Enquirer: 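Please read through the structure below; I'll follow up with questions.
Proteins come first, then strands; the chains are lettered A, B, ... in the order of their sequence lines, and each starts at number 1. Remember, it's a predicted structure, so these values are computed and weren't measured experimentally.
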Amino acid sequence: MVSLPILQFEEKIVQTVQDNPVVVIIGETGSGKSTQLSQIFHRHGYSKSGVIAVTQPRRVAAVSVARRVAQELNVNLGEEVGYAIRFEDRTSPKTKIKYLTDGVLLRESLSNPELSDYSMIILDEAHERSLNTDILLGLMKRLVKLRPSNLRVLITSATLDGNKVSDFFMNCPVLTVPGKLYPVEILYSNERPTSYIESSLRTAIDIHVHEPEGDVLIFMTGQDDIEKLVDKLRDKVQSLEEGSCMDAIVLPLHGSLPPEMQVRVFTPPPQNCRRFIVATNIAETSLTVDGVVYVIDSGYVKQRQYNPTSGMYSLDVVQISKVQADQRAGRAGRTRPGKCYRLYPSKVYQDELLDVTIPEIQRSSLAGSVLYLKSLDLSDIDILKFDFLDPPSSDTLEDALKQLHLIDAIDTSGSITNVGKIMAELPLEPALSRTLLEANEYGCLSQALTIAAMLSAETSLLPGRSKHSEKKRKPPPDLPDGSGLGDHIQLLQIYEYWHQIDYHIGWLKDNDLQVRGMLFVRDVRKQLSQIIQKIAKGNLDVQEAESERERRRDYKNLRKALCAGYASQLAERMTLHNGYRTIGFKSQLVQVHPSSMLRTDDDGMFPDFVVYHELISTSRPYMRNVCAIKVSWVIPIMKKLENLNVNRLSGGSDQVTDGEQRKSSSLLQQKNLAIEQDDRESKIQAARERFLARKAEREQSLGRKAKK
DNA sequence: CTTGTGGCA
């Protein structure tokens with residue numbers, strides 16, 4: 001503990017912080033910055049005038065670091081040293097050092113914009129550049145001007161962008177604290193491999209045969225590649241001559257692995273046995289595997305990116321940045337000197353890899369973040385000019401404004417509305433928070449809460465189609481089917497059934513539903529209910545009786561509420577086939593994702609209009625999680641689209657550009673088209689719906705009986 | 001006719 005490098009710099013750090021409102025600390029791995037900085041300033045009296053806050057990008061980190069600091073100070077966790085993460089606040093009035101996720105700090109800033117409880121805010125791991133960290137960086141820049149005398153801000157970062165952060169904070173001082181990593185020898189390939197699975201395999205076996213003991217960590221891009229390599233590696237290791245080298249264990253490691261499989265990497269291997277851990281970038285920062293001496297770095301990573309013009313996400317394999325490459329290499333030097341095999345030439349590292357990873361804020365939809373910033377009521381700030389360390393493109397900001405306007409969160413001049421203010425208080429995507437408010441008007445809040453919670457679950461809850469299993473798929477054993485109306489309704493029905501059987505875990509397992517995910521959903525739903533009750537200052541019906549629901553099997557009100565929430569995520573079916581054209585974004589042809597529960601009518605056709613939760617481009621552009629809606633609900637949204645003026649939303653000039661004019665006239669055509677369709681098909685549509693509803697009811701009651 | 005890098009309120 002005493003040997004932590006950072007303690008040798010204590011006086012220097014304290015002195016610098018005393019003289020400067022913002023200081024950047026470059027602390028390499030093992031410097032002890034996460035546990036020591038807070039204690040240093042606690043010792044020097046900074047906790048007398050307020051709490052010292054340390055933010056972490058991840059919940060496990062906030063908890064584990066707080067635990068360690070409490071131990072080192074020999075106090076009970078939750079008293080002088082505490083932490084706060086979603087669903088769990090372990091702090092008390094005695095708390096002087098508080099570890100929290102940056103998401104929690106953002107929420108706190110909503111109710112107390114000056115964050116007056118804190119005398120010092122330490123943004124740890126800022127180089128990871130999470131969306132939340134980036135917003136906090138912008139807020140901190142304002143806050144130190146508001147509280148120059150009684151707030152100190154520390155930002156920890158990586159070597160490669162310390163100066164950039166310093167520039168952002170008016171050339172604040174940068175202190176570098178060495179780490180405690182052992183040297184890592186970097187070995188490059190002569191050329192880029194044609195298949196990096198094969199290349200990883202060769203390198204791994206080479207290490208196994210020729211290098212002394214020590215575990216091998218291999219970075220791959222995703223689950224598929226990991227499974228392939230794990231299989232090949234196991235085969236190869238088995239085929240090696242008995243006694244020619246030590247034993248080997250091959251372990252996969254990625255986020256969709258069940259927790260009990262993930263923790264296997266924490267049990268040390270038996271004597272004279274080498275472990276190969278084949279991992280995604282989860283092992284870059286989130287999980288630290290002890291005993292790794294060799295790292296194999298493919299040089300690639302999977303990244304999700306957002307296209308603001310089309311509203312479409314894609315998951316692409318891209319080259320890592322130098323920061324990531326260095327981070328990966330560092331994983332080999334935690335216990336003793338190690339080696340890192342980069343499966344690309346040094347020239348690629350030098351010339352092609354970006355210095356730092358493109359921050360998340362430039363790769364995501366910003367509707368939620370923009371709403372958040374608007375709700376802070378920073379009167380002097382035009383959102384397009386908000387001072388970000390790396391500003392998002394104006395396309396992304398305009399897209400966010402447009403989406404927010406379509407769901408009534410901001411008015412035509414871009415100011416936040418009362419509806420928007422309430423929405424911002426809910427920890428949800430704007431589409432879902434808007435749905436909740438609308439559902440409350442229609443008397444189906446309880447159902448909407450469930451859907452919002454289900455869609456908040458980070459990973460997919462439903463069973464995926466396993467590839468190696470037989471092709472004919474069995475109908476899902478017990479799962480409801482959304483009455484054919486789509487995936488939102490199915491998610492609702494699944495949760496409601498689980499609720500009825502008292503959250504029985506066995507039922508989840510029997511139906512391949514993720515237990516962890518569903519428990520998370522239950523927590524989220526509870527939290528959302530509490531927040532919305534508090535906002536309404538009254539008794540909202542968040543736990544509607546089952547008998548009530550039974551009478552409305554077509555979920556009409558609920559679907560109407562979804563339509564309001566997803567006003568910017570509409571699609572219209574093509575006349576002759578089941579493809580859809582998106583409305584609102586640059587119009588594109590998209591398909592209903594094949595996993596969807598949306599049902600076709602007797603002619604094999606999907607509904608004329610749907611809302612979708614997400615556009616994702618994989619093998620083709622798909623809508624994931626769709627819900628059938630009626631054309632009459634769409635008309636008012638079309639009208640709004642037609643009158644939309646993005647320039648005004650962003651507080652710019654009122655003049656309509658040529659481009660805007662063209663856009664709105666084509667929207668007008670869209671609208672007319674929709675009305676024609678309405679006339680032609682409304683009767684048929686009504687008949688279909690009645691039919692579907694009846695059929696669904698029949699099936700529902702049949703399903704129930706069969707179970708009993 | 002088929003997706004899931006990693007996080008967070």
Enquirer: Any idea which of B:dT3, B:dG4, B:dA9 is nearest the A:Q223 side chain?
Expert: B:dG4
Enquirer: State which of B:dG6, B:dG4, B:dA9 makes the closest approach to the side chain of A:E360.
Expert: B:dG6
Enquirer: Is A:R86 salt-bridged to A:D523, going by a charged N under 4.0 Å from an acidic O?
Expert: no
Enquirer: Per the atom types in the model, does the base of B:dT2 pair as donor or acceptor with the side chain of A:R620 at under 3.5 Å?
Expert: no
Enquirer: Does the Lys NZ or Arg CZ of A:R304 fall within the cation-pi geometry relative to A:Y313 - under 6.0 Å from the ring centre and within 45° of the axis?
Expert: yes
Enquirer: Ignoring hydrogens and angles, are the base of B:dG6 and the side chain of A:E128 linked by a donor-acceptor pair under 3.5 Å?
Expert: no
Enquirer: Closest approach to the side chain of A:R58, judged atom by atom: which nucleotide of B:dA9, B:dC8, B:dT2 is it?
Expert: B:dC8
Enquirer: Can A:R342 be said to sit on top of A:Y349's aromatic six-ring, NZ or CZ under 6.0 Å from centre and within 45° of the ring axis?
Expert: yes
Enquirer: Find the distance A:R516:CZ to B:dG4:C1' and express it as a whole number of Å.
Expert: 13 Å
Enquirer: Check the distance between B:dT3's C1' and A:D224's CG and give it to me in whole angstrom.
Expert: 9 Å
Enquirer: Does this structure show an ion pair linking A:D124 with A:K33, if we count only N-O contacts that are shorter than 4.0 Å?
Expert: yes
Enquirer: Can you check the A:L257 CG to B:dG6 P distance for me, whole Å?
Expert: 10 Å
Enquirer: Out of B:dT5, B:dT2, B:dA9, which has the shortest distance to the side chain of A:Y622?
Expert: B:dT2
Enquirer: To the side chain of A:T280, which of B:dC1, B:dG6, B:dT3 is closest?
Expert: B:dG6
Enquirer: Should A:D481 and A:R599 count as an ion pair when the cut-off is N to O under 4.0 Å?
Expert: yes
Enquirer: Could A:R363 and A:Y306 be counted as a cation-pi pair, given that NZ or CZ must be under 6.0 Å from the ring centre and within 45° of the axis?
Expert: no
Enquirer: May I ask you to say what A:T285 touches in the nucleic acid, namely base, sugar-phosphate or nothing, with a heavy-atom cut-off under 4.0 Å?
Expert: nothing
Enquirer: Tell me: CD of A:E429 to C1' of B:dC8, nearest whole Å?
Expert: 12 Å
Enquirer: Which is true for A:R59 with a 4.0 Å heavy-atom rule: it touches a base, it touches only sugar-phosphate, or it touches nothing?
Expert: sugar-phosphate
Enquirer: Taking A:I361's backbone N and O only, do any of them form a donor-acceptor pair with A:S364's side chain (distance below 3.5 Å, no angle check)?
Expert: no
Enquirer: I need the residues from residues 99-108 of chain A with at least one non-hydrogen atom less than 4.0 Å from DNA chain B; give them sorted by number, or say none.
Expert: A:T101, A:G103, A:V104, A:R107
Enquirer: Nearest to the side chain of A:I282, which nucleotide is it out of B:dA9, B:dG4, B:dG6?
Expert: B:dG6
Enquirer: Please work out if A:L428 contacts a base, only the sugar-phosphate, or nothing of the nucleic acid, heavy-atom cut-off 4.0 Å.
Expert: base
Enquirer: Of all the nucleotides listed (B:dT3, B:dA9, B:dT5), which has the minimum atom distance to the side chain of A:I85?
Expert: B:dA9
Enquirer: Between A:Q324 (CD) and B:dT5 (C1'), how many Å, whole number?
Expert: 10 Å
